[in-house]
Amino acid sequence: MGIALIMVMIGFSKLHGSKLDKVAAADKQWQSVLALAERASEGRLHATVKWQGSWESLLDPGEAADVLSTRLGLSSPTENAVQGHSVYIAQGSNGGINAKLSVMPEEGGTSYYVILLMEGDARVNAAHFSELQTTYGYSLQDEGVDVNWNTALQGSVASGLSGGLEVEGASLQELLNKLEQQAASTLQLQLYSADEYVDEESQTVSRSYEAHEMPIYVNSGEHQIALQMAVHYNEDSGEREISMGSPLLTVEY
């Protein structure tokens, strides 16, 4: 989708209240972001969901990766060298949703960093995406992984939302204004203006928001950011594109 622009996560996701069920909170947040993205886009809606976190284990790396991949129903893990470090990778597909598990030994030999990435078309597989991310989240949590969650959805802006607007940078900001107004019908958003990003060369605009109905957020100063929205003009396809991330966009668009 257009050029590559990476929005970096500020630390790890936090949750309102230490007793909050992280997996249930992720499902609630997914439903909210998905509803926004479905209304604002048309055609294929590419979704990524990422579970990640530290895992304390006395198992050897190969055994540790095998335990998780078996629990998740993925392929047998293979050892790969990534930037001089061993990473154990397992993959699989379930109902049109692709999953990739990465298990990386950390310093000291008694802990690992685990990443589970899910990808697919959320418009076609919305219900299955929700069910599968919940199953995966609880499975990792049951094995002792300190899971954290984030998601991103990307698609072409709905013609009804962008009708009458030109493609120059100023109108992309107007389009994002329209998107905010649409989102405000279901969420109480508070713009974090210090985190607004405008790139006239790549014709991309993004903004970050507090949304107290969303239990998963990242801290940015005194603000609790739970949603990031961006619009982009793709010169290759001639389409306006939308990206939504929660709590932040952490993928390329």
key: Donor + acceptor pair across side chains of Tyr217, Asn219 (<3.5 Å)   = no
inquiry  = Can you tell me how far apart OG (Ser206) and CD1 (Ile242) are? Round to the nearest 0.5 Å.
reply    = 12.0 Å
inquiry  = For the CD1 atom of Ile216 and the OG1 atom of Thr151, what is their distance to the nearest 0.5 Å?
reply    = 10.0 Å
request  = For residues 124-145, pull every pair meeting salt bridge (Lys or Arg N to Asp or Glu O under 4.0 Å), keeping only residues two or more places apart or in separate chains.
outcome  = Arg71-Asp142, Arg71-Glu143
key: Thr78 backbone acceptor or donor facing Asn80 side chain under 3.5 Å   = yes
message = One pair to check against side-chain contact (heavy atoms from CB on, under 4.5 Å): Leu227 and Leu189. What are the steps and the verdict?
response = CA-CA 9 Å; Leu227 177 67; Leu189 297 181; 4.0 Å; yes
inquiry  = Under a plain distance cut-off of 3.5 Å, with no hydrogens placed, do Tyr233 and Glu241 share a side-chain donor-acceptor pair?
reply    = no
request  = Walk me through it: do Tyr209 and Glu180 pass the test side-chain hydrogen bond (donor to acceptor under 3.5 Å, both in side chains)?
outcome  = CA-CA 10 Å; Tyr209 310 85; Glu180 288 177 0; 2.7 Å; yes
query = Tell me, do Pro215 and Gln29 make a side-chain contact under 4.5 Å, heavy atoms counted?
reply = yes
remark   = The reported gap from OH in Tyr113 to NE2 in His85 (rounded to nearest 0.5 angstrom) is 15.0 Å
query = Strictly by modelled atom types, are Trp149 and Gln52 linked by a side-chain donor-acceptor pair under 3.5 Å?
reply = no
Run the side-chain donor-acceptor check on residues 94-104: report pairs under 3.5 Å with partners two or more places apart or on a different chain.
from: Asn94; atom 1: OD1; to: His128; atom 2: NE2; distance (Å): 2.7
from: Asn98; atom 1: OD1; to: Ser93; atom 2: OG; distance (Å): 3.3

ask   = Below 4.5 Å, heavy atoms only, C-beta onward: do Asn148 and Lys22 meet side chain to side chain?
value = yes
query = How far does NE2 of His46 sit from OG of Ser41, to the nearest 0.5 angstrom?
reply = 13.0 Å
key: Donor on one side chain, acceptor on other, Ser75 and Gln91, under 3.5 Å   = no
task = Evaluate side-chain hydrogen bond (donor to acceptor under 3.5 Å, both in side chains) for Glu119 paired with Thr48, printing each intermediate quantity in order.
result = CA-CA 5 Å; Glu119 293 187 282; Thr48 62; 5.9 Å; no
task = For Met244 and Ala37, work out which heavy atoms get closest and say how close.
result = SD-N, 3.6 Å
ask   = Any side-chain heavy-atom pair from Val114 and Val147 closer than 4.5 angstrom?
value = no
note = Note: Tyr192 and Ser220 closest approach over all heavy atoms is CE2-OG, 3.2 Å
request  = For Ala65 and Tyr88, work out which heavy atoms get closest and say how close.
outcome  = CB-CB, 3.5 Å
message = What's the separation between atom CZ in Phe129 and atom CH2 in Trp30, rounded to the nearest 0.5 Å?
response = 5.0 Å
message = Under the salt bridge (Lys or Arg N to Asp or Glu O under 4.0 Å) definition, can you give me all pairs with a residue in residues 82-94, not counting sequence neighbours?
response = none
key: Check: Ser130/Gln31 side-chain N/O donor and acceptor closer than 3.5 Å   = yes
message = Applying side-chain contact (heavy atoms from CB on, under 4.5 Å) to Leu172 and Val198, what does each step give before you reach the verdict?
response = CA-CA 10 Å; Leu172 287 179; Val198 179; over 6 Å; no
query = Any side-chain donor paired with an acceptor under 3.5 Å for Ser185 and Arg39?
reply = yes
task = Count the heavy atoms of every other residue, nucleotide or ligand shown that sit under 6.0 Å from CD of Glu79, and state whether that count exceeds 12.
result = yes
query = Does a side-chain heavy-atom distance below 4.5 Å link Trp51 with Val23?
reply = yes
query = Is the shortest heavy-atom distance from the side chain of Leu187 to the side chain of Leu36 under 4.5 Å?
reply = yes
task = Report yes or no: does Asp60 contribute a side-chain atom to a donor-acceptor pair with the main-chain N or O of Gly62 at less than 3.5 Å?
result = no
Heavy-atom check, side chain of Glu196 versus side chain of Gln173, under 4.5 Å = yes
message = Strictly distance-based, threshold 3.5 Å: is any side-chain N or O of Glu106 a donor or acceptor partner for the main-chain N or O of Ser111?
response = no
query = Can you find a pair of side-chain heavy atoms, one from Leu72 and one from Thr70, that are under 4.5 Å apart?
reply = no
inquiry  = Whether the side chain of Asp146 engages the backbone of Ser54 through a donor-acceptor N/O pair (distance < 3.5 Å, no angle test) should be reported.
reply    = no
query = If we ignore angles and hydrogens, is there a donor and acceptor under 3.5 Å between the side chains of Ser156 and Glu239?
reply = yes
note = Nearest heavy-atom approach of Pro247 to Asn150 is CD-CB, 3.7 Å
message = Any non-hydrogen side-chain atom of Met214 less than 4.5 Å from a side-chain atom of Val33?
response = yes
task = Apply the test side-chain contact (heavy atoms from CB on, under 4.5 Å) to residues Val218 and Leu248: give CA-CA distance (whole Å), side-chain angles for both, the deciding distance (0.1 Å), then the verdict.
result = CA-CA 8 Å; Val218 294; Leu248 285 180; 3.8 Å; yes
Verify same cluster id: Val124, Met118 (apolar side-chain graph, 4.5 Å) = no
request  = Identify the heavy atoms of Ser246 and Ala226 that sit nearest to each other, and give their distance.
outcome  = OG-O, 2.7 Å
ask   = Could you state the interatomic distance from CD (Gln228) to CG (Leu249), rounded to the nearest 0.5 Å?
value = 4.5 Å
key: Closest contact, heavy atoms only, Leu34 versus Ala126   = CD2-CB, 3.7 Å
query = Going through the distances and angles, do Leu68 and Leu116 end up as a side-chain contact (heavy atoms from CB on, under 4.5 Å)?
reply = CA-CA 10 Å; Leu68 292 185; Leu116 178 67; over 6 Å; no
